[in-house]
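One structure below.
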Amino acid sequence: MNNIIYIGVNDRETDLFENQYKVPNGVSYNSYLIKDEKIAVMDTVDSKKTAEWLENLAKALDGKKPDYLVVSHLEPDHSGSIGEFMKAYPDTEIVGNAKTFAFLPQFCKLSPDTKTLTVKEGDELSLGNHTLKFLMAPMIHWPEVMFTYETTEKILFSADGFGKFGDLNTDEEWLDEARRYYFNIVGKYGVQVQAVLKKLSDYEINAIYPLHGTILNENLGFYVDKYNTWSSYAPEEKGIFIAYASIHGNTAKTAKELARILSEKTDDKITVADLSRSDISECVANAFRYDRIILASSTYDGGIFPCMEDFLSHLKAKNYQNRTAGIIENGTWAPMSGKLMKAYLESMKNIKICQNTVTLRSSMNDDTAEALEKLADEIVSS
């Protein structure tokens, strides 16, 4: 597609995306140029990559000037170069919706002479052979987000939708890093994602151009199906995620023993994570991936061991629901973590809590082994 040119940049310097998510393979800030009778730039990039992006843009323009800058999302990793872009191309008309222009002054100071075009749901902008149709996508994952559908080549510019971690030089499957990206960044807004997916079902789409990660131009049904599953909070697959928070190792041993017992009772996948050492975003993604979860935590200062409490607060914030959960608690003199973890789970929607809670008094014994068998049977049968 010679008329639509990728002008984005890779970022390998950032180690924490949004200053919280590990990105060992970096991240891409995607931007696109549509060359026609009129020329449109689709989003800018993070300010730390402005110079490289402007070079990419100038090369793609080949002496021409852009007519429009379409702003689909104002988060700084996409709007961070708007100010410098407008200094370089002051006659460009900025295209956005009403919320875009309400928020834009918070991110950059523009000349009073800056031309703007406010669009709403279903509005179209002709570039010549290409026509842009604007589809509002509020709260995916900011209020001003909009998708753009190019009607000639049937391309969906999907803002942060269908994005993933990892720069474009990363050779990896889309799924794992897209799942981690979705649940930690977009995951709270499943209802809004469902609304946009319903809207998109009316359109023939040949390719999806996201603002992060790989351009998707094959097997699009797979990606849309994943988004439908994720946004409806349905389990992606049958499996058991065991997340443990252990002080001196006894809770860890108990969690691993449960994993061993379960492996003898089911062929379903079993994944175990030490919350003190595992990346929290990967743990959140795994919690949503599987249909069952086991929480194992020591009691600490009369409460839940901090890394477990942090994990549970993340799950609650992302609208964790529609799962079966089991509990293992540990405490030498006053086990409290089980009661408190149960309270967290009861505050979430449609969580079935196993009746067989395992209470560990410092370390495993014969009673513990029997209790683990009962919990394993209950979680497998569920």
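Positions are given from 1, in the same order as the sequence printed here.
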Would you say [Y] and [X] are linked by a side-chain donor-acceptor pair, where the criterion is simply a distance under 3.5 Å?
X	Y	result
Thr332	Ser362	yes
Asp160	His78	yes
His212	Asp77	yes
Glu75	His141	yes
Thr50	Glu84	no

Test: [X] and [Y] ion pair at under 4.0 Å:
X	Y	result
Arg180	Asp279	yes
Lys22	Asp15	no
Asp46	Lys48	yes
Asp377	Lys265	yes
Arg292	Glu378	no
Glu257	Lys253	no
Glu55	Lys59	no
Asp62	Lys35	no
Lys133	Glu150	no

Okay, side chain of Ser81, backbone of Val45: is any donor-acceptor separation there less than 3.5 Å?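 Judged by distance alone, yes, a pair lies under 3.5 Å.
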Tell me if the [atom1] atom of [X] is crowded by more than 12 foreign heavy atoms within 6.0 Å.
X	atom1	value
Lys38	NZ	no
Asp366	CG	no
Glu237	CD	yes
Lys154	NZ	yes
Gln355	CD	no
Lys115	NZ	yes

Residue among Thr44, Asp11, Asn10, Asp43 satisfying side-chain hydrogen bond (donor to acceptor under 3.5 Å, both in side chains) with Tyr29: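 When Thr44, Asp11, Asn10, Asp43 are each tested with Tyr29, the side-chain hydrogen bond (donor to acceptor under 3.5 Å, both in side chains) holds only for Asp11.
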As a quick check of understanding, evaluate side chain to side chain contact (heavy atoms under 4.5 Å, CB included) for Thr254 and Asn330, giving each step before the final call. CA-CA 10 Å; Thr254 306; Asn330 193 356; 6.0 Å; no
Can you label the angle between the [X] ring and the [Y] ring as parallel, tilted or perpendicular, going by 30° and 60°?
X	Y	result
Phe165	Phe17	perpendicular
Tyr32	Tyr209	tilted
Trp142	His73	perpendicular

Do you know which of Phe288, Tyr21, Tyr189, Trp230 makes ring-ring contact (aromatic ring centres under 6.0 Å, His included) with Tyr182?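 With Tyr182 as partner, Phe288, Tyr21, Tyr189, Trp230 yield a single ring-ring contact (aromatic ring centres under 6.0 Å, His included), made by Trp230.
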Are the side chains of Gln106 and Phe103 in contact, using a 4.5 Å heavy-atom criterion?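 In short, these two side chains touch, coming nearer than 4.5 Å.
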Measure the shortest side-chain to side-chain distance between Asn228 and Gln194 over non-hydrogen atoms and say whether it is less than 4.5 angstrom.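 Touching, per the 4.5 Å side-chain cut-off.
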Side chain to side chain contact (heavy atoms under 4.5 Å, CB included), that's the test. Do Leu375 and Ile328 meet it? Break it down for me. CA-CA 9 Å; Leu375 176 57; Ile328 299 172; 4.0 Å; yes
Under the side chain to side chain donor-acceptor pair (under 3.5 Å) criterion, do Glu329 and Thr359 qualify, and how do the steps go? CA-CA 5 Å; Glu329 64 173 351; Thr359 298; 2.7 Å; yes
Candidate pair Phe85 and Thr92, rule side chain to side chain contact (heavy atoms under 4.5 Å, CB included), full reasoning: CA-CA 9 Å; Phe85 169 86; Thr92 304; 3.7 Å; yes
Would you please indicate if the ring centroids of Phe147 and Phe157 are separated by under 6.0 Å?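 No, ring centres 6.0 Å or more apart.
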